Asks: 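The following block contains the structure, expressed as structure tokens.
Just so you know, ligand 1 is whichever comes first in the structure, and atom 1 is the first atom listed for that ligand. All values derive from a computational prediction rather than experimental measurement. Note that these values count all heavy atoms, side chains included, but never hydrogens, waters or copies made by symmetry.
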Amino acid sequence: MSMNENIRNIKDSIGEDVALIAVSKTKPLEDMEEAYNLGLRDFGENKVQELVYKMDNFHHDDVKWHLIGHLQRNKVKYIAGRVQLIHSLDSLRLLEEIEKQYKSKDIIAQVLIEINIGKEENKSGIFLEDLEELIEACESCSNVKVKGLMTVIPKGNDESCREYFKEMKTTFDNLKERKFKNIEMKYLSMGMTGDYKIAIEQGSNMVRIGEGIFGKRNYNL
Ligand SMILES: *Cc1c(COP(=O)(O)O)cnc(C)c1O
């Protein structure tokens, strides 16, 4: 299928109320240009180096950049003030560094807290039991605003996906009912090419789709 058809199909199935992040990692600027011309404005990258390269070389003022992969503390300075949303706040020390870098520039960081809902060893994100502590720390920040939660769930069948997404939505809703400083539960970022329909069925309002838009990634290039 063409990119045009891919995007049309995805937009039809996600509806108007779900934000679509085009995950362009490993894909060349020409592919992004095509997606841009088909109306997409939110682009997601999982590596800081590639993100910075693309921010420097993709010349459209109205693009919103999303850092969706693990963020190392020593790389925060390269993206501070340049991205719409950091999806991957996953530790107190990273929070401190984001606060510090954004404060020094007198700007506000918008972040999502990444939850490792399946407790997988090789995945980033915090465990649910560490959420309260991180939230407390966010409340005392001056330059970080939490806008919601993000997750990448373990691979599995539809039923296991549904359960993980459901647990995320419950967590999101519970936080939403409480009052915090600096914290708003606006975005629930979950769902990728293989599982976004189930994610939306369970309450996601932000999906991150790569291969479903751009076609298969080739990591050997
Ligand atoms: C690569 C990636 C995606 C998109 O995955 P696809 O299967 O290509 O849709 C979404 N979220 C994160 C964090 C990713 O690294």
Side-chain angles (χ1 to χ4, degrees), residues 1-3 5-14 18-28 31-32 34-35 38 40-55 64-72 75-76 79 83-91 94 110-127 147-158 160-162 164-165 168-169 172 187-221:
M1 268 198 292
S2 68
M3 198 188 297
E5 288 171 295
N6 288 344
I7 293 172
R8 201 151 10 98
N9 289 339
I10 291 166
K11 283 200 165 166
D12 282 348
S13 76
I14 70 176
V18 175
L20 172 60
I21 315 293
V23 177
S24 46
K25 64 189 186 198
T26 78
K27 295 295 177 180
D31 290 16
M32 296 172 67
E34 188 178 349
L38 291 165
L40 299 189
R41 293 295 179 268
D42 290 87
F43 289 86
E45 291 285 338
N46 68 332
K47 295 206 165 75
V48 168
Q49 194 180 353
E50 185 174 358
L51 172 63
V52 168
Y53 171 80
K54 286 173 172 172
M55 290 191 295
K64 296 183 207 123
W65 298 99
H66 297 254
L67 193 272
I68 61 173
H70 180 64
L71 177 55
Q72 287 172 278
K75 296 196 173 154
V76 175
I79 64 160
V83 296
Q84 176 78 14
L85 192 59
I86 298 169
H87 290 231
S88 45
L89 171 60
D90 63 358
S91 72
L94 176 60
Q110 301 199 96
V111 308
L112 304 180
I113 296 175
E114 181 177 2
I115 312 276
N116 184 351
I117 195 73
K119 295 194 166 175
E120 292 171 286
E121 254 176 45
N122 55 347
K123 275 213 181 111
S124 45
I126 60 164
F127 292 172
K147 295 288 165 185
L149 304 178
M150 179 273 216
T151 193
V152 178
I153 64 166
K155 290 206 186 337
N157 57 29
D158 287 5
S160 74
C161 291
R162 195 167 279 119
Y164 286 119
F165 288 141
M168 284 295 299
K169 179 62 159 59
F172 181 83
Y187 298 115
L188 181 54
S189 171
M190 59 185 196
M192 318 190 344
T193 298
D195 57 20
Y196 73 89
K197 288 180 185 167
I198 301 174
I200 291 171
E201 163 203 297
Q202 296 303 321
S204 166
N205 61 12
M206 182 174 267
V207 293
R208 310 175 309 266
I209 301 185
E211 293 192 331
I213 293 173
F214 296 102
K216 281 244 170 284
R217 281 182 294 275
N218 184 351
Y219 288 100
N220 302 319
L221 289 177

Asks: With atoms numbered from 1 as shown, which atoms in ligand 1 lie under 4.0 angstrom from a non-hydrogen atom of Gly210?
Replies: 4 (C), 6 (P), 8 (O), 9 (O)

Asks: Among protein heavy atoms, which sits nearest to atom 6 (P) of ligand 1, and what does the distance come to when rounded to 0.1 Å?
Replies: Thr193 OG1, 3.3 Å

Asks: Return yes when Arg217 approaches ligand 1 closer than 4.0 angstrom through a heavy atom, no otherwise.
Replies: yes

Asks: Of all the non-hydrogen atoms in the protein, which one sits nearest to atom 13 (C) of ligand 1, and at what distance?
Replies: Ile68 O, 3.5 Å

Asks: Using every non-hydrogen atom in the two residues, find where Ile117 and Pro154 come nearest and quote the distance to one decimal.
Replies: CG2-CD, 4.4 Å

Asks: May I ask you to decide if the ring planes of Phe43 and Phe214 are parallel, tilted or perpendicular, using 30° and 60° as cut-offs?
Replies: tilted

Asks: Thinking salt bridges, do Glu50 and Lys47 make one under a 4.0 Å N-O criterion?
Replies: no

Asks: Report the C-alpha distance between Thr151 and Glu114 in whole Å, list the side-chain angles of each, state the deciding distance to 0.1 Å, and finish with yes or no for side chain to side chain donor-acceptor pair (under 3.5 Å).
Replies: CA-CA 5 Å; Thr151 193; Glu114 181 177 2; over 6 Å; no

Asks: Can you sort out which atoms of ligand 1 are near Ile209, meaning under 4.0 Å from one of its heavy atoms?
Replies: 9 (O)

Asks: So which protein heavy atom does atom 5 (O) of ligand 1 come closest to, and at what separation?
Replies: Met192 CE, 3.6 Å

Asks: Give the contacting part of Lys25 toward ligand 1: side chain, backbone, both or neither, where contact means a heavy-atom distance below 4.0 Å.
Replies: side chain

Asks: Within the 4.0 Å heavy-atom shell around Glu211, which atoms of ligand 1 are there?
Replies: 6 (P), 8 (O), 9 (O)

Asks: Looking only at heavy atoms, which two atoms of Cys161 and Gly156 are closest? And how far apart?
Replies: SG-O, 4.2 Å

Asks: Could you point out which residue of Lys25, Glu45, Gln49 forms a side-chain contact (heavy atoms from CB on, under 4.5 Å) with Lys54?
Replies: Glu45

Asks: How close does the nearest protein non-hydrogen atom get to atom 4 (C) of ligand 1, and which residue and atom is it?
Replies: Arg208 O, 3.6 Å

Asks: Give, for atom CE of Met190 and atom OH of Tyr164, the distance between the pair rounded to the nearest 0.5 Å.
Replies: 13.5 Å

